[in-house]
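Atoms considered below: every heavy atom in the structure, side chains included; atoms not considered: hydrogens, waters and symmetry mates.
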Amino acid sequence: MTDYADLVITGAAVYTVDAARSWSDAVAVRGDRIVAVGSEQVSELIGPRTRVIEADGGMVLPGFQDAHIHAPFAGRNRLRVWLNDLAGREAYLDRIARYAAEHPDEPWIVGGGWAMEYFPGGNPRKEDLDVIVPDRPVFLFNRDVHGAWVNSKALEIAGITKDTPDPADGRIERDPDTGEPTGTLHEGAAYTFNDRYVPQPGREEWEAAILNAQEHLHSLGITGWQDAWVTPATLAAYKSLAASGRLTARVVGALWWDRHRGLEQIPEFLDQRESARVGNFHPTTVKIMTDGVMENFTGALLEPYCDGCGGHTDNRGLTYVEPDVLAAAVTELDRLGFQVHMHAIGDRAVRNALNAVAAARAANGHSDNRHHIAHIQLIHPEDVLRFRELGVIANCQTYWAQLEPQMEELTVPFLGRERAELQYPFGDLLRSGATLAMGSDWSVTTANPLEQIEVAVTRIDPENRGNAPFLPEQALPLPVALAAFTAGSAYVNHDDDAGTIAVGKRADLAVLDRNLFAPDAGLPADARVTYTIAGGTVVYERP
């Protein structure tokens with residue numbers, strides 16, 4: 001008696017992303033497994049109860065995996081004040097005012113997603129918020145979550161005045177004449193404020209946020225991700241969702257390294273890894289943020305920032321974890337079997353991160369922990385080859401590699417032309433033999449893999465295709481970009497059961513409305529996801 005398939009996809013170009021980059025024309029699924037590839041084998045498995053998806057002219061890919069994302073925080077903002085889809089100060093203020101009016105009983109107005117490019121120097125002011133919400137505190141992280149916009153009521157609650165010193169790991173933006181805080185908090189100033197004063201969600205609210213994010217990510221063909229900022233609160237929510245079966249994506253949790261503490265926190269990670277590893281949730285990674293970002297001059301550089309006028313400053317950015325502590329931490333985490341996921345924007349931060357992995361290799365020998373460095377905006381040319389030599393995966397946020405106002409106004413003038421031309425060297429990393437993975441950093445920028453892949457291939461904003469490409473010699477070929485967002489990210493996530501399409505693999509699949517390689521397909525961002533299958537279950541179907 002034939003064991004028929006539960007689900008069959010026919011009529012599409014099936015891009016397996018295997019080592020040969022081979023193609024087929026049909027896929028059959030039984031339970032959570034791929035049981036046949038190719039129309040001849042698949043046709044024999046179609047029974048009276050088999051669901052058949054006829055994806056004529058479409059394309060089947062392994063499900064996308066996002067190697068660096070902030071799903072709970074994005075979902076929470078989507079349920080509160082979501083500014084990411086807006087452009088400009090007035091649009092932000094309109095939405096904030098409307099939300100405040102519609103929620104008169106909420107003691108705090110929270111959310112985020114504003115972009116620095118719409119404010120002079122990248123710094124919004126408290127007075128704008130005071131006009132629309134004078135009676136309640138407002139706290140809104142910016143789009144890259146490295147700063148916050150607050151009103152006077154929030155500053156009052158925190159006791160922040162002109163006499164309040166800057167924290168060691170951040171900065172309070174001040175009026176140059178009076179010294180009064182203007183309403184922008186950078187880095188540690190924002191994080192400390194959020195932790196101490198902003199009411200934090202309970203487990204049920206975090207669960208709702210994750211489910212909201214999961215629904216959106218599934219609609220984009222994403223079947224798994226690595227959450228790059230897992231706190232004890234979001235850990236509990238993930239664990240609950242995984243235990244109840246509501247977490248339909250496979251998620252790796254990167255446990256958050258507290259940069260104000262040292263190696264004494266590692267036993268806590270061991271306990272969290274042991275207690276919260278349930279179902280689809282795998283808290284097997286530790287995330288260490290080693291520096292800030294370029295736009296507020298906290299990304300760690302080997303040479304000082306320029307002053308924007310042709311001269312130099314004495315500012316080399318901030319190092320959040322000193323190199324000797326970072327090396328000791330990575331070495332011990334590596335010994336204990338953790339993967340380490342490091343945020344490194346500036347070339348000094350990247351070098352410190354690579355040196356830390358080198359120390360772990362020297363102490364422990366080679367491991368299969370698959371350490372990775374995310375963002376890698378600026379890499380000194382001498383360090384590019386070290387990714388392959390050390391087995392460090394380059395976790396690329398390719399959507400950032402485009403010419404846009406933030407790059408032109410807040411980055412290039414302060415790096416100088418020579419360093420600016422070294423940014424996002426994905427092509428050089430590929431040519432050096434490094435392993436590439438891709439992640440969105442959503443909600444910093446779009447979660448849509450097809451938009452990110454287009455920028456990887458063209459180095460041009462999909463919404464402004466007439467723009468000049470940004471350092472086009474660093475573009476990636478389409479097959480490489482697709483592999484990075486499927487097999488590469490699955491590799492980072494220790495998900496050897498997915499990332500390619502083959503018999504016996506878990507049935508994580510994305511179906512597109514066109515073959516991206518077809519001559520008339522247009523560019524990747526023109527395509528749409530029509531179905532997403534996670535673990536053999538259709539979790540998204542385009543209306």
Side-chain angles (χ1 to χ4, degrees), residues 68-77 80-81 83 108-116 122-124 126 137-151 154-155 157-160 164-174 181-201 206 209 227-235 253-262 265 268-269 286-300 317-322 325-326 329 341-346 349 374-375 441-444:
H68 182 106
I69 200 168
H70 302 288
F73 301 101
R76 186 193 184 202
N77 284 359
R80 297 288 192 99
V81 178
L83 304 177
W108 282 73
I109 304 301
V110 298
W114 53 273
M116 298 173 71
N123 299 308
K126 62 187 177 183
V138 179
F139 181 90
L140 304 166
F141 270 121
N142 71 357
R143 194 167 293 180
D144 65 14
V145 199
H146 286 267
W149 183 13
V150 298
N151 66 350
L155 293 169
I157 287 173
I160 297 175
T164 304
D166 288 341
D169 60 345
R171 187 174 79 250
I172 300 165
E173 198 66 35
R174 304 172 193 273
T182 60
T184 302
L185 306 175
H186 298 288
E187 300 292 340
Y191 302 146
T192 300
F193 187 107
N194 179 63
D195 293 343
R196 290 182 180 175
Y197 302 107
V198 180
Q200 297 303 305
W206 279 127
D227 190 318
W229 191 343
V230 174
T231 66
T234 58
L235 182 82
L255 307 171
W256 185 252
W257 179 272
D258 183 347
R259 62 189 186 226
H260 302 292
R261 301 170 64 196
Q265 62 191 296
E268 298 166 23
F269 298 141
V286 173
K287 165 71 179 300
I288 303 178
M289 182 173 285
T290 72
D291 72 339
V293 294
M294 300 294 192
E295 294 77 24
N296 64 12
F297 318 121
T298 58
L318 297 178
T319 296
Y320 293 144
V321 183
E322 289 303 315
V325 176
L326 182 63
H341 179 163
M342 286 173 279
H343 162 120
I345 291 278
H375 308 325
D441 207 14
W442 185 62
S443 60
V444 174

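No hydrogens or angles considered: nothing links the side chains of D166 and H186 as a donor-acceptor pair under 3.5 Å.
Of the candidates I157, I160, I172, I160 is the only one forming a side-chain contact (heavy atoms from CB on, under 4.5 Å) with F193. Applying side-chain hydrogen bond (donor to acceptor under 3.5 Å, both in side chains) to H70 and the options D227, D441, T234 leaves one that passes, D441.
Across all their heavy atoms, V444 and R143 have their closest contact at O-CG, 2.6 Å. The two residues G292 and I345 come nearest to each other via the heavy atoms O-CG1, 3.1 Å. The shortest heavy-atom contact between L255 and L235 is CD2-CD1, 3.8 Å. Shown here for R171 and N296, the closest heavy-atom pair between the two residues is NH1-O, 3.4 Å. Of all non-hydrogen atoms in W442 and A71, the two that sit nearest each other are CZ3-CA, 4.4 Å. The minimum heavy-atom distance between P199 and R76, with the atom names listed, is O-NH2, 3.5 Å.
Taking CG of N123 as the start and CD of E173 as the end, the distance is 4.0 Å to the nearest 0.5 Å. One distance of note links CG of N151 with CG of L140; it measures 8.5 Å at 0.5 Å rounding. For the atom pair CG (N194) and CD (Q200), the distance works out to 5.0 Å, reported to the nearest 0.5 Å. Note: L155 CG to L185 CG = 6.5 Å, rounded to the nearest 0.5 Å.
Residues L326 and M342 form a side-chain contact, since some pair of their non-hydrogen atoms from C-beta on lies under 4.5 Å apart. In this structure, T298 and V293 have side chains that are in contact, with non-hydrogen atoms separated by less than 4.5 Å. Between R259 and T290, every side-chain heavy-atom pair lies at or beyond the 4.5 Å cut-off.
Taking 4.0 Å as the cut-off between side-chain N and carboxylate O, R261 and E268 count as a salt-bridged pair.
Judged by distance alone, with hydrogens and angles left aside, the side-chain atoms of E187 form no donor-acceptor pair with the main-chain N or O of A168 at under 3.5 Å. With hydrogens and angles disregarded, no donor-acceptor distance shorter than 3.5 Å links the side chain of E295 to the backbone of G122. A side-chain donor-acceptor contact under 3.5 Å links K126 to the backbone of P181. Distance alone, capped at 3.5 Å, is enough to place a donor-acceptor pair between the K287 side chain and the A228 backbone. With hydrogens and angles ignored, the 3.5 Å screen pairs no side-chain donor or acceptor of W206 with any backbone N or O of A233. No donor-acceptor pair closer than 3.5 Å links the side chain of D291 to the backbone N or O of G317. Between the side chain of E322 and the backbone N or O of Y320 there is no donor-acceptor pair closer than 3.5 Å.
By the 30° and 60° cut-offs, the orientation of the rings of H146 relative to H343 is tilted. Below 30°, between 30° and 60°, or above 60°: for Y191 and F141 the angle between ring planes is between 30° and 60°, a tilted geometry. F73 and W229 have tilted rings, their planes meeting at an angle from 30° to 60° on a 0 to 90° scale.
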